[in-house]
Chemist: 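Input: one structure, supplied below.
Note that the structure is a prediction, hence the values are computed from the model and not measured. Here is the naming used below: chain letters follow the sequence lines, and residue numbers restart at 1 for every chain.
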Amino acid sequence: MSEETKALNFIEHIIEEDLANGLAKDKLRFRFPPEPNGYLHIGHTKAIGISFGLGETYNAPVNLRFDDTNPSKEEQEYVDAIKKDIAWLGYQWENELYSSDYFQKLYDWAIQMIKDGKAYVDSQTSEEIAEQKGTPTQVGKNSPYRDRSIEENLDLFTRMKAGEFPAGTHILRAKIDMESPNMLMRDPMMYRIMFEHHHRTGDDWCIYPMYDWTHGESDYIEQISHSLCSLEFKPHRDLYDWFKENVHVYAKDEFPMMPKQREFARLNLSYTIMSKRKLLRLVEDKFVSGWDDPRMPTISGLRRRGYTPNSIRQFIKKVGVAKRENVIDVSLLEFCIREDLNKSANRVMAVLDPIKVVITNYPEDKEEWLDAENNQEDATSGFRKVPFSREIYIEKDDFKEEAGSKYFRLKLGGEVRLKNAYIIKANSVVKDENGEITEIHCTYDEDTSKKVKGTLHWVSIKHAIEAEIREYDRLFMHESPDSDKDKDFMELLNPKSLTVKTAYLEPSLADVKVGEQFQFQRLGYFNVDNDSKAEKLVFNKTVGLRDSWEKIKPKPQNNQTQNKPQQQQQKRPALSVIQQLGKKYTNLPEEKQAKSKAEIQTLANDVAYDDLEPLFGTAVKKAGTRIATLIALKVLLKNGLERNETINEFIEKAKEDKNELLVAEASEI
RNA sequence: UGGCCCAUGGUGUAACUGGCAACACAUCUGUUUUUGGUACAGAAGAGUCUAGGUUCGAAACCUAGUGGGCCAACCA
């Protein structure tokens, strides 16, 4: 709605256009229609964000409607979980509704359609019906029951409802077109018989309406203006419209507006799966502790992991809305949570992988309580006291006996600052019989004004409290575990997705409460897990801090994920580099042109003629690419390639070009 | 043997009825910093899948091709 430079997505464009064409703004109405058969996940937040977000920007009502037409799968538990998650995200629905609220109305309309010859009862088996339906490339055949009389249809259908027939014996179908290229239009099913207890209507019904019939008409009854769903429902749109137009004839006074279905691409996140079925399997096979395991992409999992509603809403905003298949990099999600927590989380000190430091010139019985700032990003957050004493823990990673100048941390003979405390200098180490360092002996200096490169976090050993820390890595090793057709997704699981550690924390954390969030200084953001008790604290690592040291530090062993991108870059074929250089060629100043040219000439030595030839067909207007091709060609010729018809043609054509550089290059041959 | 949808830096999204391809993340440089964080400043990276066409001018419009996705549950 904002009047400023708007970068609207295609759905907003549609709405703006409808508004411009006379749709009253107060007629805008949206809905989010989950089926209560599972937990909501990060993929759903996109749909939620779109519809509820539209409601917020246009100040329009958004209904939460449970699409509960299949009692065999749906449960109240899921209804409750879904409501909780949406509310937690901070969205408010106008009405809490259920498709099952409309069962009677739907039934009445179905009767009307039978009377108008638009629906009929089919009494074949599901196999027979499936066979007659044809395939995407083959048309279907009419059912032998397609031309039953209206009376017979009415009789059968009312008896279906009355429970006179066993499940599977009859269905109600819309009479549309068995030869439609759209399979959904080949006399789709409207009702099936199901003797199942429904979580809301109990045993009132034994026939239940199908999705297409129910969903569209629910939108219609609620007078939804824009019904937004994901791409796979695109083919359903024809049917959505067909049902809608037919019912409109019966109800246009009561329900004047015809809703409009539009489809967007669903969200995919790298290294994670979104299928409810597969997520369920992770739960059932006990690979995770439950739907809310912090590694799960469910909303409840993210919540337990420490993701905030705000961070998720930001994420959805940044992800955008379009119709293109996409895979969002998890780093974007991580950026969003860091951005949020950076402002709000208090900083504390915790050592996850301890090594003991003895400050030899600090008196044994002395202790001091030093001031520590809670959050420098938040002026109101204040200070707390942290205890300092002769023996402290620092991270193992923060000490090396010897290290280069790029290592800012503690090394023998070197100095570092202890955050909120003194500057220490490492003098010697104590080792055990295996040569493992057990203690680092340091001396401290009370002058804290000195400039030192590194600052370490630490914890006084005698004041430290222990806690369990759960660190998480991605659940899958594969970038898109959902789409690998050769492998079952369970094979792609990361066996090291959970690491449990015992950490030492500063004592101010003694009475934290479940859900509280902190930044463990220099390590990352952590929250107090549901399992945490006063006697045994448990923290989850929400996300690490950005770590530029991690990227540059010398790596002891090959890390697969780190090496992969580099390999790809090295493998980049010479020809594609030449093409790229060519693209920019004509825009470069002369000296850079010369440089590019030299580079192309070098690269050309690694190019085979067969690979180069296709470039001769480059569009005329892409002069740069043609120049690069020409330069490379000249190298090949010089290396002994024989001229042929194609080559001559290419050169002649170049000579006639309007681009002078190209002509010049061509003339040199 | 079909129908529909999609194609813009590594990733994701923009570019209003054709007019210098922008923003975010990621990457890389610096500066500041008692977090190798944050903040700030900057850099690199795309002639918009290909080929034709329309036009003074095309990422956008048209045609064809290529590539990807979706469509055959008494699921939603």
Chemist: Taking the six-membered ring for Trp, is the centroid-to-centroid distance between A/H198 and A/F103 below 6.0 Å?
Modeler: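 Yes; A/F103 has its ring centre under 6.0 Å from that of A/H198.
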Chemist: Considering Watson-Crick and G-U wobble pairs with both distances under 3.5 Å, what does B/rC28 pair with?
Modeler: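 Paired with B/rC28, as far as the under-3.5 Å criterion goes, is B/rG42.
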Chemist: Charged N to carboxylate O below 4.0 Å: is that the case for A/R65 and A/D219?
Modeler: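 A/D219 and A/R65: salt-bridged.
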Chemist: Nearest to the side chain of A/T137 - B/rC75, B/rU1, B/rA72?
Modeler: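 My answer, after comparing the listed nucleotides, is B/rU1.
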Chemist: Within a reach of under 6.0 Å around CD of A/E75, are more than 12 heavy atoms found that belong to other residues, nucleotides or ligands?
Modeler: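 Yes, CD of A/E75 has more than 12 neighbouring heavy atoms, counting only those of other groups under 6.0 Å.
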Chemist: Is it the case that A/K46 places NZ or CZ above or below the six-membered ring of A/F264, under 6.0 angstrom from the centre and within 45 degrees of the axis?
Modeler: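 Checked: cation-pi criterion not met.
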Chemist: Distance check, C1' atoms only: B/rA26 and B/rU35, in whole angstrom units.
Modeler: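 The answer is 22 Å between these two C1' atoms.
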Chemist: Measure from CZ on A/R313 to P on B/rA24 and round the result to the nearest Å.
Modeler: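 In whole Å, B/rA24 P and A/R313 CZ are 22 Å from each other.
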Chemist: When the C1' atoms of B/rU13 and B/rA73 are considered, how many whole Å apart are they?
Modeler: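 To the nearest whole Å, 35 Å.
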Chemist: Looking at B/rG2, does its base get a donor-acceptor pair with the side chain of A/E179 below 3.5 Å?
Modeler: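 Not at all, since no donor on one side and acceptor on the other fall under 3.5 Å apart.
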Chemist: Please measure how far the C1' atom in B/rU66 lies from the corresponding atom in B/rG52, and state the result in whole Å.
Modeler: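 Pairwise C1' distance, B/rU66 against B/rG52, rounds to 14 Å.
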Chemist: With both distances under 3.5 angstrom, what nucleotide forms a Watson-Crick or G-U wobble pair with B/rA76?
Modeler: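 Base-paired to nothing in any strand shown.
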Chemist: From C-beta outward on A/K419, which listed nucleotide comes closest to its side chain: B/rU1, B/rA26, B/rU34?
Modeler: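 Of all the options, the side chain of A/K419 is nearest to B/rU34.
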Chemist: I'd like the C1' distance from B/rA22 over to B/rC16, given in whole Å.
Modeler: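 Rounded to whole Å, the distance is 14 Å.
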Chemist: Looking only at N and O atoms, is any donor in the side chain of A/Q519 or the base of B/rU35 less than 3.5 Å from an acceptor on the other one?
Modeler: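 Checked by distance alone, the answer is yes.
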Chemist: Given the C1' atoms of B/rU50 and B/rA59, what is the spacing between them in whole Å?
Modeler: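 Looking at atom C1' only, B/rU50 and B/rA59 are 14 Å apart.
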Chemist: Taking the P atom in each of B/rA15 and B/rC49, what is the distance between them to the nearest angstrom?
Modeler: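 Here B/rA15 and B/rC49 have their P atoms 16 Å from each other.
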Chemist: Kindly say if A/R347 contacts the phosphate of B/rU34, meaning a side-chain N or O under 4.0 Å from OP1 or OP2.
Modeler: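 Answer is no, no contact under 4.0 Å.
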Chemist: Do the side-chain N or O atoms of A/K551 get closer than 4.0 angstrom to the phosphate oxygens (OP1, OP2) of B/rC28?
Modeler: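 For A/K551, the contact criterion (side-chain N or O under 4.0 Å from OP1 or OP2 of B/rC28) is met.
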Chemist: For B/rA64, give its Watson-Crick or G-U wobble partner with both distances under 3.5 Å, or none.
Modeler: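 B/rA64 is paired with B/rU50.
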Chemist: Mind checking who B/rU13 pairs with, Watson-Crick or G-U wobble, both distances under 3.5 Å?
Modeler: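 Across all strands, the one nucleotide that pairs with B/rU13 is B/rA22.
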Chemist: Across all strands, who's sitting opposite B/rG2 as a Watson-Crick or G-U wobble pair, both distances under 3.5 Å?
Modeler: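 B/rC71 is the nucleotide pairing with B/rG2.
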Chemist: When you match A/K318 and A/T125 each to their closest nucleotide on RNA chain B, which lands nearer the 5' end?
Modeler: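 The residue mapped nearer the 5' terminus is A/K318.
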Chemist: Could you check whether A/Y307 and A/F315 have their ring centres less than 6.0 Å apart?
Modeler: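 No; A/Y307 has its ring centre 6.0 Å or more from that of A/F315.
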Chemist: Report yes if at least one side-chain N or O of A/S548 is closer than 4.0 Å to OP1 or OP2 of B/rG37; otherwise report no.
Modeler: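 Yes, because at least one side-chain N or O of A/S548 sits under 4.0 Å from OP1 or OP2 of B/rG37.
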Chemist: From the options B/rG36, B/rA76, B/rG37, select the nucleotide whose nearest atom is closest to the side chain of A/R409.
Modeler: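 Taking heavy atoms from C-beta onward, the closest nucleotide is B/rG36.
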Chemist: Do A/R546 and B/rG36 share a donor-acceptor pair, side chain to base, under 3.5 Å?
Modeler: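 It does not, because no donor-acceptor pair links the side chain of A/R546 to the base of B/rG36 below 3.5 Å.
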Chemist: When you measure from the side chain of A/P235, which nucleotide among B/rC70, B/rU35, B/rG69 comes out closest?
Modeler: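 When the side chain of A/P235 is considered, B/rC70 is the closest of B/rC70, B/rU35, B/rG69.
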Chemist: Does A/R347 come within less than 4.0 Å of A/E373, counting only side-chain N to carboxylate O?
Modeler: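 Salt bridge between A/R347 and A/E373, a charged N being under 4.0 Å from a carboxylate O: no.
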Chemist: Using atom P in both nucleotides, what's the gap between B/rA43 and B/rC23 to the nearest angstrom?
Modeler: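 After rounding to an integer number of Å, I get 11 Å for this pair.
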Chemist: What interatomic distance, in whole Å, is found between C1' of B/rU27 and the corresponding atom of B/rC20?
Modeler: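 After rounding to an integer number of Å, I get 26 Å for this pair.
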Chemist: If B/rU55 has a Watson-Crick or G-U wobble mate with both distances under 3.5 Å, name it; if not, just say none.
Modeler: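 B/rU55 is paired with nothing.
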Chemist: Would you please indicate yes or no on a ring centroid separation below 6.0 angstrom for A/Y211 and A/H215?
Modeler: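 Judged by ring-centre distance (under 6.0 Å), A/H215 and A/Y211 do meet the cut-off.
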Chemist: Side-chain donor or acceptor of A/H236 under 3.5 Å from a matching atom on the base of B/rA76?
Modeler: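 Flag set: donor-acceptor pair detected.
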